[in-house]
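Beneath this line is the structure, given in structure tokens, with notes to follow.
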Number of protein chains: 2
Amino acid sequence: MKLITREVDYAVRALAAVARAGRGLSAAGLAAPAGVPRPVLRKIMQALSRAGITRSSRGRGGGFVLARPAGRISLGDIISAVRGPLKFNDCVFGGALCHNHRTCLLRGRVAAIEKKVMEEVRRVTLADLG
Amino acid sequence: MKLITREVDYAVRALAAVARAGRGLSAAGLAAPAGVPRPVLRKIMQALSRAGITRSSRGRGGGFVLARPAGRISLGDIISAVRGPLKFNDCVFGGALCHNHRTCLLRGRVAAIEKKVMEEVRRVTLADLG
DNA sequence: ACTAAATGATACCAATCTGGTATCATTTAA
DNA sequence: TTAAATGATACCAGATTGGTATCATTTAGT
């Protein structure tokens, strides 16, 4: 099970580059030095923009900038944007159907672990990853 | 990202049933009440046996018993047996090739989180999930 | 001795997820 | 007007996962 997939990895590197640059960077400009295929990075940057982590400007000379300071962009934000929310728990009965769900001890334990991971992952910011 | 896949879920339920029974239970006997396809449960039980979590006896009247007390079988053991070891970190450069690897801040952070999850997951035992 | 019940070991298949590719539309600076 | 850039989709190939099928081997019971 991967918490950090390639796409998350790419996203972190790209955002770190944007943070360092201080000015708008295009997807193409980000992809080349990182050795990432341009279309892939574009898709990632689009997801980050949709999630409100970056702001984009279109047209010639456009690109991406951070929507807020690096210290307020967490690894958790990035993971959520690129991969969707964490769901550690694949209940076989899909939650609703399991008559034991309330009392299912495994669910409770796993939910607690998931919560801890979210806390950890939110505590790491882009500023820490500079 | 799922920590608890269906197979892990099945494994936990099956092991809990074995623990409650106190005697050997066959894969068929375990599958039916849990509503799990027999061949799937057999594969899972085989993996658990290979990992030394259960002991199996073959032939007529055979089945599976816990290889050690439920309090000494952790959720981590079960996950490792069914899914392989946790690897949160998908380094794009595969570790060896990344010249920044030592200093890669993301790796360090993620490794720390992974370690915490392992601790948590090892702390939960089958006895807690009875 | 024979048979039925059970695990061990594989091989295979379908669905989903993930990384990567391709296209077209839209916006904007030069 | 044009080139450079993002927005939005649609698509494809490989890996993973859940599920199926098969055959060999072991063992208890008759």
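Quick note on labels: first sequence line is chain A, next is B, and so on, each numbered from 1.
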Of the candidate nucleotides C:dG19, C:dT7, D:dG19, which contains the atom at the shortest distance from the side chain of B:V40?
D:dG19

For A:P39, which contact category applies under a 4.0 Å heavy-atom criterion: base, sugar-phosphate, or nothing?
base

Go through C:dA9, D:dT6, D:dA4 for me and flag the one nearest to the A:R60 side chain.
D:dA4

Taking the basic N atoms (NZ, or NE/NH1/NH2) and the acidic carboxylate oxygens, is any pair closer than 4.0 Å for B:E120 and A:K116?
yes

What is the distance from CG of B:D9 to C1' of D:dT17, rounded to the nearest Å?
14 Å

CG of A:L48 versus C1' of D:dG7: gap in Å, rounded?
14 Å

Hey, is the side chain of B:R58 pairing donor to acceptor with the base of D:dT25 inside 3.5 Å?
yes

Could you check how far CD of B:Q46 sits from P of C:dT10, rounded to whole Å?
10 Å

In whole angstrom, what separates A:R42's CZ from D:dA8's P?
11 Å

In plain terms, say whether A:R122 and A:E119 are close enough for a salt bridge, that is, a side-chain N and a carboxylate O under 4.0 Å apart.
no

Could you tell me how far apart A:L41 (CG) and D:dG7 (C1') are, to the nearest whole angstrom?
15 Å

Would you say the base of D:dG19 and the side-chain of B:K43 have a donor-acceptor pair closer than 3.5 Å?
yes

Can you check whether B:R55 has a side-chain N or O nearer than 4.0 Å to OP1 or OP2 of C:dT7?
no

Taking the basic N atoms (NZ, or NE/NH1/NH2) and the acidic carboxylate oxygens, is any pair closer than 4.0 Å for A:D9 and A:K2?
no

